[in-house]
Amino acid sequence: MSEMYVKKNGLLYSQDMRTLLGVDVSTGEFTGRVPFGVHFLEDELFTECPYESISLPDSVEGIGDCLFKDSVKLKKVKLPANVNVLPPYLFSGCTALEKVTMPNSLVEFPDGLFQNCKSLTDIPFRAGITTLPESVFEGCTSLTSLVIPPTVKAILSRAVADCTSLKALVIPESIEEIAPDAFEGCNAIQNIRINGENPLFFVKKEDGCLYKKTVGGEECVIKICKIPQNDVKFYEENLDDTAPEDDDFEEVDLGASEEEFYSVIDDKSSLEDEINETDSEKEKKENNIMADQSNVDDMLADIMGEEKAREEKFAEPAVDAKETQVLSEMMDIMNDGGASEAEKSAAITEDELANLFAKHEEAEAEQQTVQNEDDNSSGIDSKTKILIDSVKLSQILEFTPAGEAPVDSDLFVVAEKVVVGEDGTETFSKKLVECCTKIARIQDFKRVFLLYELPLDNAEFMQFYYHYISKKNVILASEASSPSHLSEYCKTVCDQSRIALDKETLNDQRRKLSIKNNSLVKLVIQDKYE
């Protein structure tokens with residue numbers, strides 16, 4: 001251990017364990033979850049990191065510059081809930097990034113936040129954002145539609161530049177400034193809508209482009225491209241990940257000796273061609289273009305429906321977000337006929353918008369539910385998640401009680417050791433899992449949380465653990481054969497978990513465990529690892 005830092009589980013900390021200084025990639029020990037208790041993250045900490053998923057705990061108060069820059073394998077990131085300022089270029093160059101859980105209190109995006117995030121299909125906007133800063137979405141080549149929040153007033157230089165797949169754009173009524181090069185390189189835009197009556201910007205019916213009113217008349221700000229012949233389709237949202245089914249483990253007997261610990265035995269996309277076209281070919285192409293424009297308007301109607309939902313959300317930021325889905329009904333608004341091409345590319349009327357349904361997920365609900373995806377379980381409260389995030393290894397077993405579940409239907413099992421496979425993978429012993437399954441079925445527990453290596457040297461965590469676990473069901477799985485042979489680690493776990501080690505109490509706990517009762521479980525069992 002160096003005098004300058006503390007090394008633990010593949011991470012390098014300051015001596016007070018409050019600042020994360022680095023990652024020792026060579027050890028392979030870091031799992032992608034930074035333990036609870038860390039308050040500050042050093043600059044470029046995860047730059048060019050090899051990890052696909054990184055989760056930062058809510059104890060973090062400050063994030064260093066360019067934290068994830070150029071991490072080309074990174075797909076998913078969970079940021080701390082309480083951080084309200086993000087550094088510039090935080091995810092710049094993260095070409096595989098697909099999803100980010102943003103802090104609840106964030107009100108501004110920094111420069112270059114998602115620059116060149118080529119896999120990002122949806123922007124996780126937050127309530128109250130007023131500016132799209134320089135290069136914030138530059139190079140997001142998978143972005144097909146952009147609904148800018150109704151609070152945004154300025155779109156700065158190259159904010160959405162080189163988004164080569166961007167087809168549909170909704171500008172809010174609040175907009176006051178759009179930089180000349182804000183959408184430079186966005187050559188696929190086919191439809192633009194401006195929501196409400198903006199005094200400065202408008203979409204011209206003759207060409208469908210966005211214009212700005214000037215002293216000398218008007219100037220074009222964003223042009224739309226020529227509609228290609230292929231069908232334009234709105235992207236389909238990914239289905240939610242399906243949680244894996246519970247493992248089916250064999251039951252084991254729960255015999256217990258009066259003189260020993262409960263014993264568990266291990267097992268484990270040419271002008272010349274256009275001129276030469278026949279009349280029939282031209283007619284066919286025009287029909288295709290009209291059909292494509294119809295598809296674009298359908299797509300935009302879908303987006304506008306989403307924008308209406310966003311307006312409601314931003315109007316009442318204090319209301320808790322709830323996961324909502326509205327059935328999608330795509331309508332062909334070009335079927336009336338008799339309209340010119342220019343009219344067909346003009347803004348959709350309010351009456352037409354009112355009759356459209358849009359399929360969407362509310363951004364706030366997504367931010368709150370995404371945190372549960374990594375847990376292979378739903379309904380995990382924030383304190384339990386802190387506990388899971390803080391240990392080196394965890395596993396969750398879920399059950400459907402045959403009878404009435406107890407008041408506290410969760411069981412926490414702290415394992416002193418784990419089984420290491422030939423490939424170096426660490427797992428909980430098969431017999432320990434079987435034993436926990438048996439206990440859960442007898443007591444009608446809904447979940448068992450298996451935990452390995454509590455950070456006992458983190459004073460802040462231990463204070464949290466001591467108060468949280470006091471009224472929880474806890475079992476320590478130790479290799480010791482009796483209380484006198486417990487390691488110092490195990491003795492500390494017992495003390496912090498309120499597990500009494502006197503013979504009478506332990507024997508009473510074992511007897512109660514063999515039949516269903518509503519008593520709190522505080523017990524030690526023996527788990528052999530050889």
Side-chain angles (χ1 to χ4, degrees), residues 10-11 20 23 25 28-36 38 41 44-60 63-64 66-83 86-87 89-104 106 109-110 112-126 136-137 139-144 235-244 321 323 361-378 380 382 385-386 388-396:
L11 297 174
L20 191 58
V23 182
V25 178
E29 294 181 9
F30 178 54
T31 63
R33 287 185 172 182
V34 175
F36 181 82
V38 174
L41 303 174
E44 302 181 2
L45 178 61
F46 297 109
T47 293
E48 299 181 1
C49 75
Y51 310 104
E52 292 188 0
S53 177
I54 292 180
S55 177
L56 304 181
D58 292 343
S59 59
V60 171
I63 296 177
C66 304
L67 191 69
F68 302 101
K69 192 173 185 296
D70 296 329
S71 294
V72 296
K73 294 184 179 181
L74 191 61
K75 294 182 179 180
K76 183 161 45 178
V77 173
K78 181 261 179 187
L79 295 175
N82 301 315
V83 171
L86 298 180
Y89 302 94
L90 182 63
F91 298 107
S92 177
C94 294
T95 55
L97 188 66
E98 297 173 352
K99 181 172 287 187
V100 179
T101 303
M102 302 295 282
N104 297 325
L106 188 68
F109 280 172
L113 178 61
F114 295 112
Q115 185 185 50
N116 293 326
C117 290
K118 299 179 183 299
S119 299
L120 197 63
T121 61
D122 190 28
I123 303 299
F125 286 112
R126 308 304 294 161
V136 63
F137 310 137
C140 290
T141 55
S142 291
L143 196 63
T144 60
Y235 71 88
E236 296 179 359
E237 298 178 2
N238 293 329
L239 295 175
D240 291 334
D241 294 335
T242 302
E323 188 172 13
E361 292 179 345
E362 290 196 12
E364 291 294 321
E366 180 180 356
Q367 295 302 325
Q368 293 182 5
T369 58
V370 71
Q371 298 184 32
N372 292 328
E373 292 181 0
D374 290 335
D375 298 319
N376 297 327
S377 175
S378 60
I380 297 179
S382 59
K385 192 172 187 304
I386 289 175
I388 294 172
D389 287 346
S390 299
V391 299
K392 182 178 181 181
L393 180 66
S394 65
Q395 183 177 344
I396 305 173

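P124 and F114 get closest at one heavy-atom pair: CG-CZ, 3.9 Å. S71 and C49 get closest at one heavy-atom pair: OG-N, 3.2 Å. Contact record, L97 with C117: CD2-SG, 4.1 Å, taken as the closest heavy-atom pair.
Inter-residue side-chain proximity for M102 and L86 is flagged as met; some heavy-atom pair is nearer than 4.5 Å. In this structure, I388 and R33 have side chains that are in contact, with non-hydrogen atoms separated by less than 4.5 Å. Using a 4.5 Å heavy-atom threshold, the side chains of L56 and L41 count as touching. Considering only heavy atoms from C-beta on, L113 stays 4.5 Å or farther from Y89 through its side chain. Counting heavy atoms from C-beta outward, S55 and K385 have side chains that approach closer than 4.5 Å. Counting heavy atoms from C-beta outward, L90 and L79 have side chains that approach closer than 4.5 Å. Counting only heavy atoms from C-beta outward, the side chains of L143 and T121 never approach each other to under 4.5 Å. Counting heavy atoms from C-beta on, the side chains of I63 and P80 come closer than 4.5 Å.
For P57, the side chain to side chain contact (heavy atoms under 4.5 Å, CB included) partners are V34, F36, S59, V60, not counting sequence neighbours. The salt bridge (charged side-chain N to carboxylate O under 4.0 Å, His left out) test applied to K392 returns E426, not counting sequence neighbours. Partners of V23 according to the side chain to side chain contact (heavy atoms under 4.5 Å, CB included) rule, which considers only residues two or more places apart in sequence or in another chain, are L11, V25, F30, L45, F46, Y51. With sequence neighbours left out, the side chain to side chain contact (heavy atoms under 4.5 Å, CB included) criterion links S119 to E98. Evaluation of the side chain to side chain donor-acceptor pair (under 3.5 Å) rule for T141 yields no partner, not counting sequence neighbours. Residues passing the side chain to side chain contact (heavy atoms under 4.5 Å, CB included) test with T95 are V72, K118, sequence neighbours excluded.
With E29 contributing its side chain and G10 its backbone, the two residues share a donor-acceptor pair below 3.5 Å. Remark: side-chain polar atoms of T47 are paired, donor with acceptor, to backbone N or O of C66 under 3.5 angstrom.
Taken to the nearest 0.5 Å, the CG atom of L67 stands 12.5 Å off from the NZ atom of K69. Rounded to the nearest 0.5 angstrom, L120 CG and S142 OG are separated by 8.0 Å. A distance of 13.5 Å separates SG in C94 from NZ in K75, rounded to the nearest 0.5 Å.
A ring-centre distance under 6.0 Å is not found for F137 and F91.
For the pair D389 and K78, the salt-bridge criterion is not met [side-chain N within less than 4.0 Å of a carboxylate O].
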